[in-house]
Amino acid sequence: MKYEPITIEEKWQKKWDEEKAFKVTEDPQKKKYYLLEMFPYPSGKIHIGHVRNYTIGDVVARYKRMKGFNVLHPIGWDAFGMPAENAAIEHKIHPSKWTHENIEHMKKQLKRMGFSYDWDREIATCEPEYYKWEQLFFIWMYEKGLAYKKRSSVNFCAKCDTVLANEQVEGGQCWRCGTEVTEKVLDQWFFKITAYIEELLDYCDKLPGWPERVMTMQKNWIGKSYGCEVDFPMAEGPGAIKVFTTRQDTLFGATFMLVAAEHPLVMELAKGKPCEGNVKQFVEKVKKQDKLMRTSEYYEKEGLFLDSYCLNPLTGWKMPIYAANFVLADYGTGCVMAVPTHDQRDFEFAKKFDLQLIVVISPKDRTLDPATMTEAYVDEGILVNSGQFNGMENTKVLEAIADFLTVQGKGKRTIQYRLRDWGISRQRYWGAPIPMINCEKCGIVPVAEKDLPVILPEKVVFSPEGGSPLASLPEFFNTTCPKCGGKATRETDTMDTFVESSWYFDRYCCPDCDTKPGLDRKKLDYWMPVDQYIGGIEHAILHLLYSRFYTKVLRDFGVIGVDEPFTNLLTQGMVCKETMKCKEHGYLYPEQAADGKCHLCGKDVIIGKTEKMSKSLKNVIDPDFLVKNYGADTARIFCLFAAPPEKDLEWSEQGVDGSFRFLSRLWRIVEEYLEDIKTVEPLSGVVELEEELKALRRKTHQTIRKVTVDIEDRFHFNTAISAVMELVNAVYQIKRPASSDKIALAAGREALEAAIILLVPIVPHITEELWQLLGHKDLAANVPWPEFDSTIASEEEMTIVVQINGKLRSRMTVAVDEDPGKIKANALADEKIKSMSEGTQIKKVIYVPKKLVNIVVG
RNA sequence: GCCGAAGUGGCGGAAUUGGUAGACGCGCUAGGUUCAGGGUCUAGUGGGUGUACGCCUGUCCGGGUUCAAAUCCCGGCUUCGGCACCA
């Protein structure tokens, strides 16, 4: 019988489905394990990235189940979002229909991969049963001041025709479509993520199960910095300009003031002065320039004198005030004290406008002369020209100056963050409606809880020009005020889809809960937090930060009982493949470049760089193709074998062949033995064996040990698989026992059963089939994980390496329990060692137990 | 520019704590197979050198610590990722 993956895979998938083999319920007697992979956006088809992500997760889920854990392993759909809406415009298909069809198809694909999900917990975030609760949480957040509306300048993507959060802008471009982001002023809803900023930061050091670099990225994103707020009084008249600085040690060197061009203060100061017209022009120019500036590498420092002065609070000197293009309006106070001698940007600015330079930090080995300086001095040094602080080290004077400013009432210590509140308004249709009402009389009023959900209307018109379809649907937005009953209009913005993905893992614990608040605390207390979360590194900031925030909000509502949603996080690497190009036809799909020739023109194919698989580069492998040609098991084992999970995986056609070959090899050896071992019990306990079988048995138990450690402690599936390959090789290697040699056959059966069971989490279909062939009635998926016997696994002999001065010279085989003194003596008595150390003096003999003897000679 | 990760055969990757570098797989070579081909099984496969037991050399480069370094320390190079006028 040949190994026919397609037949057996479909057979077992059907069986698992019928038996609901992976359905779970809360069981207080059993230890729970919540394994979660980032849920997919239903784009239409699964891609290799999904296959890799979900395979990694499935191995762990199946392994933990075999280890006796009560494993929650759910799946669902991140079903709201723009592509559905774009499809509606382009193909005249309703987003709902498009989404549901995609889910249907992708669900089939996932089932075809053999992932062990509890499908009864499947959720789709576009269903009112889901977003209803999100709307409830929104109202609660509104009542607590955690959701608020603000008129603000926002990042706007013209192509997507919607607003983007700061986190969704990458290098000045839209994270989704790459279009350049522009600024727009709109009324927007925000979540007050900054209310939890300290806790979010704090826990960055309390999540040891997260990769260091993800935590670093989050910390950077939060961007906490300690400094001072300092008041610079206006030279004439009342008032002062507030400035944030982390470098109060350079305060004595502040010689001019910079204000962000967009800052309202700029026009205020220029008002009525001769420069007003110029200033206005300048501000307009900078506003337009802004977006370009963000993306371009080079930038020209520009500024304009506002014909006003303020005073340095410590020196009392007059400081000219400039509007500048390189000062950020939304960081700190939007105003910066300029210290040209010790800040490169300020230095360049001062040179351009010929402004005063005063050195206040002096390097230890030389003296700085403002007249000859060619760049700012930004290193450490001793304070000069700084009154009572002269002679002190600048790094140590920060506290003293902060105290001094506080006592003098000229400033105070403050903390600044880079993180802004999370803008969640989207001017799109396919999202969860924001449950708010604008009443002419009462202002903003939340929808009454009893009226939830605010259902997304089905019948809408999409226009290619964009704009929210909801905003042109009177049946939707015309309503009455819940407070006064008067005429009112609904909010037509929908929520950012990152809101749905911020709590879906909670909902999985009780997907059918239909009583307020949609989350069953008892069930959540059993399952949460997620023990292991697995997904792409691309969500290091966005999704993971939002989810952490939302978890804390829900905790404070008493809805859940955990501080953090994900205890352990594994960020898997990308799947890459070489690109292929034809001079004439550009990038080619793999099937268009068979035999190294372009199938369109026959020209030689140029092999390009290896890059992340993407449709635009056409370096993609369709999972359907793999399943059809090799089966799901081969796709799974290859994804695991080619690289450890956190590293990028380079796709290799030949590697896939190799994986398939291994499975066939396993199949063949079992078949080879099948008749003879069908009725033989595998070995267990202590049995006297001849040398070859003893070695095989040792290998069997060593393999169990290694695979267990590799999966449990390190998620190193590649080495686990190679260990099983070795075991299979070992069975091939032994002499085929006679049909009557029951002991040898029992040892063979023990080895083969071990190989099969150890591979169950990795290649579940072939192993189910082989398990059944061996005469077992129960599902391999439910078999307990094997234990190893350390006595059987331990070697009786060991190879000791003999070195002279650290160089390998000889080896010897000794019993494991050999006396160390004897081993050393043997090493010295070794023929080769004797001849090589002749005429030298032995200075030292080092014995590393069970490893080597190093003889140091002089 | 700043921060972080990585660099090992022809290739993907092993080497858990400093202790036999290159497990396992791919590729390649040779051989067996009622072997057309493919498949399959067995053996070999870092480089150099020698008839051979062998010897020399070798984990990005240069130093250092150590009996012993892919692994630890210092300096540099390259690649990838993140942040980037944050005051």
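All figures in this text were calculated on a predicted structure; none of them were measured in a lab.
Taking the P atom of each, B:A70 and B:G58 are spaced 10 Å apart, rounded to whole Å. The separation of B:G44 from B:C53, taken at their P atoms, amounts to 15 Å, rounded to a whole angstrom. Separating the P atom of B:A23 from that of B:C11 is a span of 15 Å, rounded to the nearest Å. Separating the P atom of B:C67 from that of B:U29 is a span of 48 Å, rounded to the nearest Å. On the P atoms, B:A68 is 45 Å away from B:C41, given to the nearest whole Å. Remark: the separation of the C1' atoms in B:C80 and B:G32 is 47 Å, to the nearest Å.
Distance A:Arg247 CZ to B:C85 C1': 16 Å, rounded to the nearest Å. Nucleotide B:C41 holds its C1' atom 17 Å from the CZ atom of A:Phe662, rounded to whole Å. Here B:A87 presents its P atom at 24 Å from OH of A:Tyr322, a figure rounded to the nearest Å. Taking atom CG on A:Asp346 and atom C1' on B:A87, their separation rounds to 7 Å, with Å as the unit. One can place CE of A:Met217 at 6 Å from P of B:C83, the figure rounded to the nearest angstrom. As rounded to whole Å, 14 Å separates atom P of B:C80 from atom CD of A:Glu650. In this structure, A:Gln344 atom CD and B:C2 atom C1' are separated by 15 Å, rounded to whole Å. The separation between A:Ile711 atom CD1 and B:U16 atom C1' is 16 Å, rounded to whole Å.
Residue A:Arg809 places none of its side-chain N or O atoms closer than 4.0 Å to OP1 or OP2 of B:C67. At the phosphate of B:A23, neither OP1 nor OP2 sits under 4.0 Å from any side-chain N or O atom of A:Asn718.
For the side-chain hydrogen bond (donor to acceptor under 3.5 Å, both in side chains) test, residues two or more places apart in sequence or in another chain that qualify with A:Tyr417 are A:Glu198. Taking the ring-ring contact (aromatic ring centres under 6.0 Å, His included) definition, one finds that A:Phe232 meets it with nothing, sequence neighbours left out. Residues satisfying the ring-ring contact (aromatic ring centres under 6.0 Å, His included) test with A:His701, not counting sequence neighbours, are none.
By the rule that a glycosidic angle within 90° of 0 means syn, B:G4 does not qualify and counts as anti.
Residues A:Val709 and A:Asp343 each lie close to RNA chain B; by heavy-atom proximity, the contact nearer the 5' end of the strand is made by A:Val709. Sequence order on RNA chain B of the closest nucleotides to A:His716 and A:Asn805 puts A:His716 first from the 5' end.
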Donor-acceptor pairs under 3.5 angstrom involving side-chain atoms of residues 711-728 of chain A: please list them, not counting sequence neighbours.
residue	atom	partner	partner atom	Å
A:Glu712	OE1	A:Tyr63	OH	2.5
A:Glu712	OE2	A:Lys64	NZ	3.2
A:Arg714	NH2	A:Asp710	OD1	3.3
A:Thr719	OG1	A:Asp710	OD2	2.8
A:Thr719	OG1	A:His716	O	3.0
A:Ser722	OG	A:Thr719	O	2.9
A:Glu726	OE1	A:Lys699	NZ	2.9

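Note on A:Glu302 versus A:Lys285: salt bridge recorded, some NZ/NE/NH1/NH2 to OD/OE distance being below 4.0 Å.
No more than 12 heavy-atom neighbours from other residues, nucleotides or ligands sit within 6.0 angstrom of NZ on A:Lys850. Heavy atoms from other residues, nucleotides or ligands lying under 6.0 Å from CD of A:Glu380 number 12 at most.
In summary, the aromatic rings of A:Phe349 and A:Phe256 are positioned with their centroids under 6.0 Å apart.
One N or O donor and one acceptor, one from the side chain of A:Lys301 and one from the base of B:C85, sit under 3.5 Å apart.
When each of A:Lys412, A:Lys410, A:Lys242 is paired with A:Asp231, the side-chain hydrogen bond (donor to acceptor under 3.5 Å, both in side chains) condition holds for A:Lys242 and for no other.
Note on A:Glu653: nothing from the nucleic acid sits closer than 4.0 angstrom, heavy atoms only. At the heavy-atom level, A:Asp657 lies nowhere under 4.0 Å from the strands shown. A:Val327 comes within 4.0 angstrom of a base, heavy atoms only.
With a 3.5 Å ceiling on both atom-pair distances, the Watson-Crick or G-U wobble partner of B:U49 is B:G54. In this structure, B:G22 forms no base pair with any nucleotide, since neither Watson-Crick nor G-U wobble geometry is met with both distances under 3.5 Å. The nucleotide B:G44 finds its pairing partner in B:C28, both defining distances of the Watson-Crick or G-U wobble pair being shorter than 3.5 Å.
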Just the atom pairs and distances: protein N or O near nucleotides 18-22 of chain B's N or O, under 3.5 Å.
residue	atom	partner	partner atom	Å
B:U20	O2	A:Arg811	NH1	2.1

Between the protein and nucleotides 35-40 of chain B, which nitrogen or oxygen pairs come in under 3.5 angstrom?
residue	atom	partner	partner atom	Å
B:U40	O3'	A:Arg668	NH2	3.2

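Of all heavy-atom pairs spanning A:Pro320 and A:Thr255, the tightest one is CD-O, 3.4 Å.
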